[in-house]
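First the structure, in the form of structure tokens, and then the observations on it.
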2 protein chains.
Amino acid sequence: MALGKDYATQECSIARALEIVGERWTLLVMRDALYGVRRYNDFLVHLGIPRAVLAARLQTLTAEGLLEKRRYQQSPPRDEYVPTERGIALWPVLRSLGLWGREHFGRKPLRLFRHADCGTELGPYGECPACGTTVPVPDVLMEPGPGADPDPADPVSRALLRPKRLLAPLEPDPV
Amino acid sequence: MALGKDYATQECSIARALEIVGERWTLLVMRDALYGVRRYNDFLVHLGIPRAVLAARLQTLTAEGLLEKRRYQQSPPRDEYVPTERGIALWPVLRSLGLWGREHFGRKPLRLFRHADCGTELGPYGECPACGTTVPVPDVLMEPGPGADPDPADPVSRALLRPKRLLAPLEPDPV
DNA sequence: CACGGTAGGTTCGGTCATTGAACCGACTCC
DNA sequence: GGAGTCGGTTCAATGACCGAACCTACCGTG
């Protein structure tokens with residue numbers, strides 16, 4: 001993909017989208033960001049991505065306005081990366097990709113998504129079959145599905161096992 | 001992405017999906033396939049993809065069951081690549097990616113999609129607002145939008161200017 | 001103060017994928 | 001016989017990605 005390199009003559013909006021989110025790891029970073037991961041180290045641990053690549057991705061995602069870099073502590077200076085509206089708007093893409101992957105290559109779902117207001121499982125487009133509305137991303141409740149590893153090694157995966165809303169920051173491991 | 005290399009410990013269905021369609025060019029090849037492009041040379045011309053990469057992508061897409069290689073002429077032997085059900089199921093992914101790209105980076109849409117039965121423009125999830133049903137991919141009518149180049153250079157782009165159903169093979173240039 | 005640890009990077013050599021150009025074989029058309 | 005088309009393969013060069021090592025602040029402990 002790369003800087004300066006693009007999908008040449010393709011003016012198609014799919015091609016433009018892929019110029020932003022089509023590089024390796026990028027969509028997985030955004031997935032984690034929507035799941036509530038915000039810190040460099042948490043992305044690192046959870047994705048197993050090379051440090052240099054993560055730094056590069058976070059930078060371009062910030063530059064393209066999908067993530068916002070936010071200082072949450074002055075000393076030592078620490079920043080977190082929070083999805084912007086533009087980044088949150090990727091939810092339907094991630095949702096449909098995940099459904100496709102599960103349907104055609106997966107077994108049991110790792111995660112379930114419900115409408116926080118009524119507890120109903122989301123339909124294929126992120127709508128609530130009971131309420132008949134498209135559920136806003138912050139109102140989506142994520143919980144582990146039947147395929148989830150009950151005792152994962154890394155703390156980020158453990159934190160993601162507890163039911164939580166999308167976008168809500170990860171709670172640190174209690175114990 | 002690559003052979004042998006994978007998104008390591010990620011069992012997530014999004015990660016699995018990206019192992020298949022996450023490589024550079026792959027989703028654009030599938031987009032063209034859904035648009036009705038079927039022949040090696042047509043992909044080549046329309047995408048501006050390096051020949052070796054196209055050959056590799058077509059092979060893995062065939063191996064993964066998203067495309068089917070079909071002999072349409074014995075002498076000289078010529079094959080075409082037709083989307084399977086699994087490949088067609090990517091439509092919601094491409095649709096949502098395209099909408100996201102257009103919404104956040106694009107100007108006018110290049111292509112419009114309508115329900116062939118009633119002529120209504122498709123909603124964001126590929127549903128028909130008038131009929132209230134999810135429109136099957138073969139019943140989606142594609143036509144040039146306000147942003148389309150009225151006189152593109154390559155014959156494939158010209159063929160795609162004529163309104164046609166998704167999946168229907170490209171008609172050769174008349175003139 | 002020395003020491004160890006954490007968070008968030010940067011740098012570096014090696015490997016692997018992508019690129020563009022050239023080549024090739026089978027066939028058709030003139 | 002010669003030119004052209006279609007669907008590839010091969011090749012060298014470039015660029016992206018990888019893993020490991022290193023670096024800079026800073027904090028907490030003894």
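Every chain is numbered from 1 and lettered A, B, ... according to where its sequence line falls, protein lines coming before strand lines.
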* Asked: What's the closest nucleotide to the A:Asn41 side chain, out of C:dG8, C:dT19, D:dG7?
  -> C:dG8
* To do: Identify which nucleotide among C:dG20, D:dC27, D:dC18 has an atom closest to any side-chain atom of A:Trp25, counting heavy atoms from C-beta outward.
  => D:dC18
* To do: Evaluate the side-chain proximity of B:Pro109 to A:Ser13: yes if any heavy-atom separation is below 4.5 Å, no if none is.
  =>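 A:Ser13 vs B:Pro109: side chains apart.
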Would you tell me if any nitrogen or oxygen in the side chain of [X] comes within less than 4.0 Å of OP1 or OP2 on [N]?
X: B:Lys69; N: D:dG7; answer: no
X: A:Tyr40; N: C:dT10; answer: no
X: A:Tyr72; N: C:dG8; answer: yes
X: B:Arg24; N: C:dT19; answer: yes
X: A:Ser75; N: D:dA25; answer: no
X: A:Tyr81; N: C:dG9; answer: yes

* Asked: Is the cationic atom of A:Arg86 (NZ for Lys, CZ for Arg) positioned less than 6.0 Å from the six-membered ring centroid of B:Phe105 and within 45 degrees of its normal?
  ->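 Yes.
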Could you tell me the separation between the [atom1] atom of [X] and the [atom2] atom of [N], rounded to a whole number of Å?
X: B:Arg38; N: D:dG7; atom1: CZ; atom2: P; result: 13 Å
X: A:Arg57; N: C:dG9; atom1: CZ; atom2: P; result: 15 Å
X: A:Gln59; N: C:dG8; atom1: CD; atom2: P; result: 16 Å
X: A:Asp42; N: C:dG8; atom1: CG; atom2: P; result: 8 Å
X: B:Leu47; N: C:dT19; atom1: CG; atom2: P; result: 11 Å
X: A:Glu23; N: D:dG15; atom1: CD; atom2: C1'; result: 12 Å
X: A:Arg70; N: C:dG8; atom1: CZ; atom2: P; result: 15 Å
X: B:Arg78; N: D:dG7; atom1: CZ; atom2: C1'; result: 6 Å

* So which one's nearest nucleotide on DNA chain C is more toward 5', B:Arg51 or A:Leu58? -> A:Leu58
* Asked: Hey, does A:Ala52 reach any base, or is it just sugar-phosphate, or nothing, if we go heavy atoms under 4.0 Å?
  -> base
* Please work out if A:Val53 contacts a base, only the sugar-phosphate, or nothing of the nucleic acid, heavy-atom cut-off 4.0 Å. =>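 The residue A:Val53 makes sugar-phosphate contact but no base contact.
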* To do: Classify the angle between the aromatic ring planes of B:Phe113 and B:Tyr35 as parallel (below 30°), tilted (30 to 60°) or perpendicular (above 60°).
  => tilted
* Nearest-nucleotide comparison on DNA chain D, the residue closer to the 5′ end among A:Pro77 and A:Pro50 ->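 Looking at DNA chain D, the more 5' nearest nucleotide goes with A:Pro50.
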* Asked: Charged N to carboxylate O under 4.0 angstrom, A:Arg165 versus A:Asp139?
  -> yes
* Ion pair B:Arg114/B:Glu143, N-O distance below 4.0 Å ->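 A salt bridge links B:Arg114 with B:Glu143.
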